[in-house]
Amino acid sequence: MVNEIQVKSVLNKHKRRDDWFLDDYSVNPYESCSFNCIYCYIRGSKYGENMAKTLSAKINAPEILRKQLKRRSKKEEHGIIALSTSTEPYMEIEETLKLTRRLLEVILRYKFPVHILTKSTLVLRDLDLLNEIDKNAILPKDLRGKLNRGVIISFSISTLDEKLAKILERRAPKPIERLETMQKCKEEGFLTGICFIPVLPYLSDSEEQLDEMIKTARDYGADFVLVGALTLFGNKPADCKTLYYKFLEKCYPEIVPKYKSLFRIFFQPSKEYQKELEEKSKRLCEKYGIKNSIV
Ligand code: SF4
């Protein structure tokens, strides 16, 4: 039985639009996430080592969103809503609770565009609603003529290696299932792509691996590919940095020193690493004729 909570607000307005995902707002129907990926940045001391245990459903979220979007819509403040940024909108519990689905009904009613960010196959259940949103959403003025779509669907993949994914994202659908789901979304006419975020230093970031990842995304019909580096936060027992290093020490002890050097100062890899990753992915996207941004 999932913990049910009441919230006062569910629509987060960003100070400025996200350059990558294009969202002006975000909505998270759940707190925590039962997929429990080891590298997940949301965990930390708040949600603990097993995030399935701390999962909560914002049970009044549709009603609260209705009020919040009604106000925004009256003021013509339409903007892209990311669903979701700090949980998975389509984990197992969603099959029965249908909280994400009810939020999409509200989003459709007030004609807001939406960017679905998921690792799940369950998104296919809601393609009927997403199709209506795609046709009816009102885009922010500055995106009209550039985007011309009310729905973006992105699937996140950190590695195509099934064994590695099984360790790091044990409860999420396999990478191949995400690719097949994306392909179905594409066949239904949606704007869809892959976020290779986070790629894993020394595990899924070589030229050959990125080449295969971007080629595979193209072969499955992705309209775009976004590539982003791993972030590692915190030093407490349930923080992602601690858990990720535990995983490395157990499975890949030989690369621990390389990680320590790469992450020696900040929670992100060095600037040089990030620049190199960006250049590599840009080059490979050009090679395979695929966009490395949504617009
Ligand atoms: S699916 Fe996303 S939100 Fe959920 S645990 Fe994995 S990275 Fe975190």
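Counting starts at 1 for both ligands and their atoms, following the listed order.
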Out of Lys111, Arg71, Arg72, Lys70, which one pairs with Glu77 under the salt bridge (Lys or Arg N to Asp or Glu O under 4.0 Å) rule?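 When Lys111, Arg71, Arg72, Lys70 are each tested with Glu77, the salt bridge (Lys or Arg N to Asp or Glu O under 4.0 Å) holds only for Arg72.
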Lys13 NZ/CZ over Tyr25 ring centroid, <6.0 Å and within 45° of normal: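 Yes, a cation-pi geometry.
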Parallel, tilted or perpendicular: ring planes of Tyr259 versus Tyr244, cut at 30 and 60 degrees: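 Rings of Tyr259 and Tyr244: tilted, as their planes differ by 30° to 60°.
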Would you say Ser120 and Glu88 are linked by a side-chain donor-acceptor pair, where the criterion is simply a distance under 3.5 Å?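 Judged by distance alone, the side chains do not pair up.
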Going by distance alone, is a donor N or O of one side chain under 3.5 Å from an acceptor N or O of the other, for Asn28 and Thr87?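 No donor-acceptor contact under 3.5 Å links the two side chains.
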Pick from Thr85, Asp24, Asp23: which one makes a side-chain hydrogen bond (donor to acceptor under 3.5 Å, both in side chains) with His14?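 By the side-chain hydrogen bond (donor to acceptor under 3.5 Å, both in side chains) criterion, His14 pairs with just one of Thr85, Asp24, Asp23: Asp23.
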At a heavy-atom distance under 4.0 Å, which protein residues reach ligand 1? Sort them by chain and number, would you?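 These residues qualify: Cys33, Phe35, Asn36, Cys37, Cys40, Met51, Thr87, Lys119.
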